[in-house]
Amino acid sequence: MPHTYAQSTPVAHGTYRVQHDSRGQASGSIAHERKSLAQYRLASADDMAHKAVRMEPAEFIATYFTLPSWPARPEWPSNIFSELAKGGALLEAEIMERFIRVVNDNKLAGDLIMACSSEKPDMEEIDEFRQKIDAAFFHEDDFPLLCNERPNWAHQLVSVEFKRHETDKDPFDDRDEEKTDADSIERKRVRGQVITYAEQIFRAQHRTALFMLLVIGRHFRFLRWDRSGAIVTRAVDYVSEPDVLCEYLWRMSWQSEEALGVDPSAVRLRLDDHDYVLMDEYAIALDTDLATEERILRPEELHVDIPVFKYVRMLFRESLRPGWPRYRLQVPHDKGLREFLVGRPVFHAHGMAGRGTRGYVALDCQTKRFVWLKDAWRVHYDLVEQEGSILKKLNSKKVQFVPTLVCHGDIRNQTTDTPRVWEEKNPSKASGSSADSVSPTGLPSLSSSSMLAVPEPSSSTLRKRSRSEFDSDETLNFRDDCPLRRHMHYRIVEQEVAMPLSEFRCGRQLVSLIINCVSAHWEAKEKAGILHRDVSGGNVLILPRIHYDREDNQFRIMWTGFLADWEMSKPVQTKEFSKRPRQPPRTGTWQFLSVGILSRESKPVEVPDELESFLYVLLYHAIRYLRSNCSNVAALLESFFDAHTLVDGCDTYACGLQKLNAVKTLGRLEINDGMPLKFGSPLDKLFSNILHYFKAYYKVRSYRAKQQKSADQDDEYESDGSDEFDDACSSPSPASSLHHQRKRFAFNSNDPILFARTPKPVRIFDADKPSADDDEYAKLLESHEAFVGSLASVLPSRRWKEDDKVGDRVPDDYKPLYPIADEKGAAPSTVKRRRLMRTFPYDQCYTSMPSLRPSKSALPALGRDSER
């Protein structure tokens, strides 16, 4: 029996991870929009659970702080940290002050400078939470550019955090060889703290990895973060064994920036660089920039070589915030490279482990055009295709309403290293090899000489699962038991810069935009054999286009739907392909996944699942932005889209009850206590019809699954010889067998049971059996045609109202009923400030305040006449 929890989206669950879409729109989670720092840190600790790998100090330094040659290391006194000998009695600030002084005065880190950064936070444009990490190592050349005693997230080379000498301040535990994470709530809070620090560095800089020094009283740990997880050393007492820490810091100072995790394909621009100045020039608004609203273009607006929409240039200008670094990024193109200039990302994904997607409005150095650049760490497994390769197929097949590929490619074979280390520490049973090059039981000898004698670890080859496991001649490079995903650094550049779907002007236009995106999905399946597999509120977008209307002989700006982010797409399932998993368990955007997928059904994503996701995108935006009879929109969004149930002993997340009932049981939308949700527009009829289709679809599907299960049980029953009893009891039995029957069952030869006539089976009415109408409705969802037709059928209605969009109906002071973690929530004023800071003023890109009356072009553009 499932346990019901109307809680927020299970962000930390290992199978379903909340994805944040790369065009600047959040996943749809109300609780995530209104998180406090304390809540986010606890949720981050949950999200990173089981993603830390322990490594011995000697092995860590031999793996990551190697020296190309052998520079003469200075000799430091054995009591160099003596003033920290009473670290257990010192306050955190005292430990930090003394430690920084010892490091800098003795130049333990060579030319690197260790500086305090805990007095003041960086600007809110840099870090929305305004966190203050204790200290960091900086390049000597960068030191004059730094803001005094601030984190300077954009410049940190190696981060440092200090804690008092207390057990509950250590986020990791060396006592249990099976796990690295500490369990207590206070230690979990500290772990969440250092996770959010690492995430902030990855957000502000272009990184492949980050090293962090964690000082806990008189002990230290070194950490190495990447997009798969973290590698953590055992704690070492640096007061009694100072040579260990000195060796670490000395070797660290000799590493190149690339060895310390700085991405060499991203060149930081200085104030006097030509490209830095060029970005400022192209951020200046021009008179020829096109206002965004749908309208007929004036003749003078047509004489522009490269038309630029106002919102695109404004987005680029907003990315050039003071204090945020600017970069020149390299992206593979054919056999060479192309370069693009970027500032602050328009969007960044939350979370340390995962794709870490960032989306930029970039300036193409070659064409001087604005483009959309996505930087991400894609999942790196056999059979998983690059998003650019998928777009190339879609473009070649002339699929409409999808991005146009400019260039793409993996970046210098940069991959996450933590999964490799995990597999070395946890060899498969077939290998039978030892996991560690250094004994895990107790610390090795910590003298410098013994550390240098540790051999360099050899790279492990990932286990290839046998052909019989997949009934395929393809092999896959992941371990079922590994909790870490492998990621490869990847960039893709697309021609179009789109707007979020929330910018739609009225309900009728919203339906039109959804039709465009469903049409794109339909064409992708029919023309290219590809399913998107992550239809969500952030991947369904708006793209203003210049369109030539042959009827009016005029050019006009027309808003069309735009289906983006194809990185999770996959070829349409075939019988052979369905047996070949391409990566560890499926991910998606929880709020928009189908009931079937959320109900843990063992099935691939199919067309009905994708159509159901489109339904949820439409429903979410209708509830949140359109007038309806719902008085508490935020609570409805939480209970319908964010909620979940717990099944399988409360260890597995499944679909929330309100969504489950609406789609699978009731076939209608309810607010509470049976009150139907009404918009007072053609949407009411539309939602009613489509929900009846899905109710019938799930009824047919459940009945077929029940029949199949019964048939499988019958096959099993017959195969084990249990049918002998049926043969023995068949009537009438020949006289020659009566002795045998009497012997087996102790029946008298005159017993009537042996001669009884078999009765006619009783007809039992099966209430679960679908009706003919159910079968017909269910079949309608096997293709896109009926779904698109249902959407298009309501567009001509005269019941649409011009002013049905009333703005965001989730108030700024709303406090989520079910926050992302059980910590004190953010103050309403803080939430409002963050939301205003993240909101881009698209309405400033209109010629004047636009009318909400839908234009002629609000009708679905199912064909492409002529576009510029």
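Count residues from 1 along the sequence. Quick caveat: nothing in here was measured; it's all calculated off a predicted structure.
- Separating the CG atom in Asn632 from the CG atom in Asn672 is a distance of 9.0 Å, to the nearest 0.5 Å.
- Using cut-offs of 30° and 60° on the angle between ring planes, the pair Phe504 and Tyr625 is perpendicular.
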Under the salt bridge (charged side-chain N to carboxylate O under 4.0 Å, His left out) rule, what do Asp609 and Arg533 come out as? Steps first, then yes or no, please. CA-CA 9 Å; Asp609 298 298; Arg533 299 178 70 250; over 6 Å; no
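- The existence of a salt bridge linking Glu802 and Arg508 is excluded, since no basic side-chain nitrogen approaches an acidic carboxylate oxygen closer than 4.0 Å.
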Evaluate the salt bridge (charged side-chain N to carboxylate O under 4.0 Å, His left out) criterion for residues Lys678 and Asp684: first the C-alpha distance (whole Å), next the side-chain angles of each, then the deciding distance (0.1 Å), finally the verdict. CA-CA 6 Å; Lys678 294 293 184 181; Asp684 296 328; 5.2 Å; no
Please lay out, stage by stage, how Lys374 and Glu567 fare under the test salt bridge (charged side-chain N to carboxylate O under 4.0 Å, His left out). CA-CA 11 Å; Lys374 184 162 67 173; Glu567 68 265 25; 3.1 Å; yes
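- Under the 4.5 Å side-chain criterion, counting only non-hydrogen atoms from C-beta, Lys664 is in contact with Ser702.
- Under 3.5 Å, the side chains of Asp534 and Thr589 contain a donor-acceptor pair of N or O atoms.
- In terms of modelled atom types and a separation under 3.5 Å, the side chain of Glu503 and the main chain of Pro500 share no donor-acceptor contact.
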Dump the intermediate steps for salt bridge (charged side-chain N to carboxylate O under 4.0 Å, His left out) on Asp173 and Lys179, then the final yes or no. CA-CA 8 Å; Asp173 197 334; Lys179 65 177 183 178; over 6 Å; no
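- Looking only at atom types and distance, the side chain of Asp226 has a donor-acceptor partner in the side chain of Thr418 under 3.5 Å away.
- For the residue pair Asp47 and Ser44, no side-chain donor N or O sits within less than 3.5 Å of a side-chain acceptor on the partner.
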Going through the distances and angles, do Phe592 and Tyr616 end up as a ring-ring contact (aromatic ring centres under 6.0 Å, His included)? CA-CA 6 Å; Phe592 306 102; Tyr616 296 143; 7.7 Å; no
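- For Leu563 against Ala520, the heavy-atom pair with the smallest separation is CB-CB, 4.2 Å.
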For a side-chain hydrogen bond (donor to acceptor under 3.5 Å, both in side chains) check, start with the C-alpha distance between Tyr698 and Glu612, then their side-chain angles and the critical distance, and finish with the verdict. CA-CA 12 Å; Tyr698 280 110; Glu612 190 175 340; 2.6 Å; yes
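- Taking each heavy atom of Gly229 and Met48 in turn, the nearest pair found is CA-CE, 3.9 Å.
- The two atoms that bring Trp800 and Leu683 nearest to each other are CH2-CG, 3.9 Å, heavy atoms only.
- Aromatic ring orientation, His521 versus Phe614: perpendicular (interplanar angle above 60°, classes split at 30° and 60°).
- The one candidate from Arg809, Lys805, His621 that meets the side chain to side chain contact (heavy atoms under 4.5 Å, CB included) condition with Leu626 is Lys805.
- In this structure, Arg485 CZ and Arg378 CZ are separated by 13.0 Å, a value rounded to the nearest 0.5 Å.
- Taking 4.0 Å as the cut-off between side-chain N and carboxylate O, Asp46 and Lys188 count as a salt-bridged pair.
- Screening Lys35, Arg189, Arg191 for a side chain to side chain contact (heavy atoms under 4.5 Å, CB included) with Leu42, the sole residue that qualifies is Arg189.
- The aromatic rings of His644 and Trp590 sit perpendicular, their planes meeting at an angle over 60°, well past the 30° parallel limit.
- One finds the CG atom of Asp122 at 8.0 Å from the CD atom of Gln200 (value rounded to the nearest 0.5 Å).
- Using a cutoff of 4.0 Å between basic side-chain nitrogens and carboxylate oxygens, Asp774 and Lys699 are scored as salt-bridged.
- Scanning all heavy atoms of the two residues, the minimum distance from Cys655 to Val595 falls at SG-CG2, 4.1 Å.
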Stepwise side-chain contact (heavy atoms from CB on, under 4.5 Å) check, Leu543 with Trp559: CA-CA 6 Å; Leu543 183 66; Trp559 287 15; over 6 Å; no
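- Side chain to side chain, Gln193 and Glu161 meet the donor-acceptor criterion of an N or O pair below 3.5 Å.
- Note that Lys695 lies outside the cation-pi zone of Tyr777, set by a 6.0 Å cut-off to the ring centre and a 45° limit from the axis.
- Between Lys51 and Ser228, the closest heavy-atom pair is CD-O, 3.8 Å.
- Side chains of Glu638 and Tyr814: a donor-acceptor N/O pair is present below 3.5 angstrom, by distance only.
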Would you check, one step at a time, whether the test side-chain contact (heavy atoms from CB on, under 4.5 Å) holds for Lys570 with Leu531? CA-CA 5 Å; Lys570 188 176 180 180; Leu531 284 182; 5.6 Å; no
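- Of the possible donor and acceptor atoms, none in the side chain of Lys120 sits under 3.5 Å from a partner among the backbone N and O of Lys132.
- For the residue pair His532 / Glu610, no side-chain donor-acceptor distance below 3.5 Å is found, with atom types taken as modelled.
- Looking only at side-chain heavy atoms (C-beta outward), Arg34 and Lys815 stay at 4.5 Å or farther from each other.
- When atom types are taken as modelled, the side chain of Arg624 and the backbone of Val633 share no donor-acceptor pair closer than 3.5 angstrom.
- Counting heavy atoms from C-beta on, the side chains of Val497 and Leu315 come closer than 4.5 Å.
- Side chains of Leu686 and Ile690 form a contact here, defined as non-hydrogen atoms less than 4.5 Å apart.
- The pair Glu125-Arg321 meets the salt-bridge criterion, with a side-chain N (NZ, NE, NH1 or NH2) lying under 4.0 Å from an Asp/Glu carboxylate O.
- For Arg344 and Trp324, the positive end sits near the middle of the six-membered ring, less than 6.0 Å away and at most 45° from its axis.
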Kindly indicate, with the supporting measurements, whether the criterion side-chain contact (heavy atoms from CB on, under 4.5 Å) is fulfilled by Tyr842 and Met499. CA-CA 9 Å; Tyr842 285 94; Met499 301 191 302; 3.6 Å; yes
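- Note that CD1 of Ile514 is 5.5 Å distant from CG of Leu501, once rounded to the nearest 0.5 Å.
- Of the N and O atoms on the side chains of Thr196 and Arg41, at least one donor lies less than 3.5 Å from an acceptor on the other residue.
- Judged purely by atom type and a 3.5 angstrom limit, Glu186 has no side-chain atom pairing as donor or acceptor with the backbone of Asp170.
- Atom CG of Leu636 sits about 8.0 Å away from atom OG of Ser628, to the nearest 0.5 Å.
- Contact record, Ser790 with Tyr693: OG-CE1, 3.5 Å, taken as the closest heavy-atom pair.
- Not one N or O on the side chain of Asn539 forms a donor-acceptor pair closer than 3.5 Å with the backbone of Val535.
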For a side-chain contact (heavy atoms from CB on, under 4.5 Å) check, start with the C-alpha distance between Tyr818 and Asp642, then their side-chain angles and the critical distance, and finish with the verdict. CA-CA 9 Å; Tyr818 314 104; Asp642 290 355; over 6 Å; no
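- Checking Arg203, Glu199, Arg358 one by one against His348, the side-chain hydrogen bond (donor to acceptor under 3.5 Å, both in side chains) holds for a single residue, Arg203.
- Relative orientation of the Tyr197 and Trp153 rings is tilted, given thresholds of 30° and 60° on the angle between their planes.
- Around atom CE of Met675, no more than 12 heavy atoms belonging to other residues, nucleotides or ligands sit under 6.0 Å away.
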